[in-house]
Amino acid sequence: MKQVRTRFAPSPTGFMHVGNFRTGLFAWLLARHHGGTFILRLEDTDKKREVEGSRQHILDVFNMLGLNIDEGPQTGGSFGPYVQSERLPRYKEWAQQLIDAGRAYADPYTAEEVQAFREQAQKEKRPFLYRNHRPENPPTWDGSQPLRFKSEPKPYEWRDEVMGDLKTGPEVIDDFILIKSDGYPTYNFAHICDDADMQISHVIRGQEFLASVPNYLNLYEALSIEPPTLATMPHILGADGNKKLGKRDGAKDVLDYVREGYLPEALVSFIATLGWNDGTEQEVFTVDELVQKFSLGRVQKSGARFDERRLLWVNGHFIRETALDTLYELSNDYWPEEAASSPDYYKKQVLGLIQERLKFLAEIPELTRFFFADLALNPELISGNKQLKKLEQAELKALLEQAKTSIESSDFTAEDLQNRLNQLLEQTGQKPAVLFSLIRIATTQAPASPSLAESMAVLGRDTTLRRIDMQLAAL
RNA sequence: GGCCUCAUCGUCUAACGGUUAGGACACCAGGUUCUCAUCCUGGCAAUAGGGGUUCGAUUCCCCUUGAGGUCACCA
């Protein structure tokens, strides 16, 4: 089997969303699965749309999600340059080959004239075909006009690794532009040349290119290039509606998820299983498992809706699976301001207590703030508690006093505290829902917290008793 | 409008032509000595419609419907 070389070829026109990224991920997985090479190529032939910083952004995404690039703008490689704007002379050579063979010609029309043809076709409800207006004696191409491909319309049948066997008639083949009047090649031309020059074995791309494939096949023939294996990915759709996921309708930057504390492995597992599965009932995958099991044949043909709730679950799953020490390292940027002066061992204990209820790391502050600072007394926690609101203030106060007495003499290990809490249940005859809620509210002033004994053990004697006193004073 | 693609629970999906159509997320109910979670148990919920082929169709074929893509000097 020939060497597998896949590429991801984004244009640097802004951030990368989940839909874009998945195409890159699948190309990467395919290369890794076959022990091949993964190439990043920047398609920056539209200078008007280029966005400053996109190039770095794309590299950041791959870097942060742990997808290493074998050849690319930053890494280099023996088929460079890997930026299309630096390959202009090469496209001229390919173009000359077509001109010499009589398969390319200068477009003599103005943009307005072509637009008029287009509108005419639209009015007549016909698809627009430039070749219906192909000039009989085109001028010599001097670079100031667009250079067009002289197509040879014919039917095609080809195999797509995802979509299966496809076929079209000659009516979809047209004379598309190879080189624009600004001297830059179009995607349609440049990617064909580059894929050939870079010996790409598999082209993986989105469904929006499916309709253009026959044109590409026509061009491959004209250039005597053996076409690579083609694989078309269905679109990822936005959460609501059926529209392809796009920047306009609020698709989020992949790096935003990273910033919010979604773990790289969770993002990779989730995105990979959006339109791919291994045929078993396995729901989450490590990167190694994906590399081992990935195949284009099991990629879904239909579009998949992006459901953030599932991502949330996958991420929570990975957070719970992660060793505490590792999770603590990852949590570094997410602690609340109040924790600034707290020692590592303390923060790590806190993290251990909230690990199983953490969905993404940016939740750490709201889940842990009371471990680092006394929160203001919140009377609604008691008045709104369906057990506690039934009791008189005096009863609550007496109960809390009694609890304090017992807790005061604890050594503040979680075990001892739990024993004392159990004794208090017997002594007071109260239900846990009453006694524990009261103490929990007093010591945390938070609507939710980890289990009581463990929380108090981490908070320590001074803080626990101080907060109980503050609550007593308010009752 | 032409051409192309797609179609299983709300969502992601599984099912050599033979299954009570399976799993997961979400949701609902119960359990785990307090809250929020985790975990466990149970529940709700799907083959778009119509024709064929076949002993038998989610699966193969045709039509309809619906959704998406494309018809750029954007990719």
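The sequence lines fix the lettering, A, B, ..., with proteins before strands; numbering per chain opens at 1. Because only heavy atoms are used, hydrogens play no part in the values below, and waters and symmetry mates are left out as well, while side chains stay in.
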Give the rounded distance in Å between these two atoms: [atom1] of [X] and [atom2] of [N].
| X | N | atom1 | atom2 | value |
| --- | --- | --- | --- | --- |
| A/E356 | B/C36 | CD | P | 14 Å |
| A/W313 | B/C25 | CH2 | P | 5 Å |
| A/W276 | B/A14 | CH2 | C1' | 13 Å |
| A/N215 | B/A72 | CG | P | 11 Å |
| A/K48 | B/A72 | NZ | C1' | 10 Å |

For A/K48, is there an ion pair with A/D46 - N to carboxylate O distance below 4.0 angstrom? yes

Taking atom types as they are modelled, would you say the side chain of [X] forms a donor-acceptor pair with the base of [N] within the 3.5 Å cutoff?
| X | N | result |
| --- | --- | --- |
| A/R357 | B/C36 | yes |
| A/R440 | B/U35 | yes |
| A/N385 | B/U35 | no |
| A/S181 | B/C73 | yes |
| A/R310 | B/A26 | no |

Among the candidates [options], find the nucleotide nearest to the side-chain atoms of [X].
| X | options | result |
| --- | --- | --- |
| A/F436 | B/C36, B/C34, B/A75 | B/C34 |
| A/A448 | B/U35, B/U70, B/U33 | B/U35 |
| A/E281 | B/C71, B/G23, B/U38 | B/G23 |
| A/L166 | B/U38, B/U5, B/C71 | B/U5 |
| A/P127 | B/G1, B/U38, B/A75 | B/G1 |
| A/N277 | B/A75, B/A14, B/U35 | B/A14 |
| A/M163 | B/A14, B/C6, B/A75 | B/C6 |
| A/Q207 | B/C74, B/U35, B/U5 | B/U5 |

Could you tell me whether the side chains of [X] and [Y] share a donor-acceptor contact shorter than 3.5 Å?
| X | Y | value |
| --- | --- | --- |
| A/N188 | A/T186 | no |
| A/E454 | A/Q418 | no |
| A/N218 | A/Y156 | yes |

Within the structure shown, what part of the strands sits under 4.0 Å from [X] by heavy-atom distance: base, sugar-phosphate, or nothing?
| X | answer |
| --- | --- |
| A/S449 | base |
| A/D107 | nothing |
| A/P214 | nothing |
| A/Q300 | sugar-phosphate |
| A/T45 | sugar-phosphate |
| A/E283 | base |
| A/L438 | nothing |

Using the rule given for ring-ring contact (aromatic ring centres under 6.0 Å, His included), can you reason through A/F176 versus A/F189, listing the C-alpha separation, both sets of side-chain angles and the distance that settles it, and then say yes or no? CA-CA 9 Å; A/F176 58 90; A/F189 182 50; 8.1 Å; no

Roughly how far apart, to the nearest Å, are B/U58 and B/A14 at atom C1'? 11 Å

Using OP1 and OP2 only, check whether a side-chain N or O of [X] sits under 4.0 Å from [N].
| X | N | answer |
| --- | --- | --- |
| A/R305 | B/A26 | no |
| A/K431 | B/U33 | no |
| A/K301 | B/C4 | no |
| A/R148 | B/C73 | yes |
| A/R320 | B/C39 | yes |
| A/R298 | B/A15 | yes |
| A/R49 | B/A75 | no |
| A/K125 | B/C71 | no |
| A/K180 | B/C74 | yes |
| A/S302 | B/G68 | no |

Does A/F8 have its ring centroid less than 6.0 Å away from the ring centroid of A/F21?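 When the ring centroids of A/F8 and A/F21 are compared, they turn out to be at least 6.0 Å apart.
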
Assert yes or no for the condition that the ring centre distance of A/Y257 to A/F360 is strictly below 6.0 Å.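 Not close enough - the centres of the two rings lie 6.0 Å or further apart.
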
Please compare A/V434 and A/H317 by the position of their nearest nucleotide in RNA chain B and report the one closer to 5'.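 Taking each residue's closest nucleotide, the earlier one in sequence belongs to A/V434.
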
Reading RNA chain B from 5' onward, which residue's closest nucleotide shows up sooner: A/F209 or A/L452?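 Result of the comparison: A/L452.
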
Near A/K167 NZ, under 6.0 Å, is it more than 12 heavy atoms from other residues, nucleotides or ligands? no

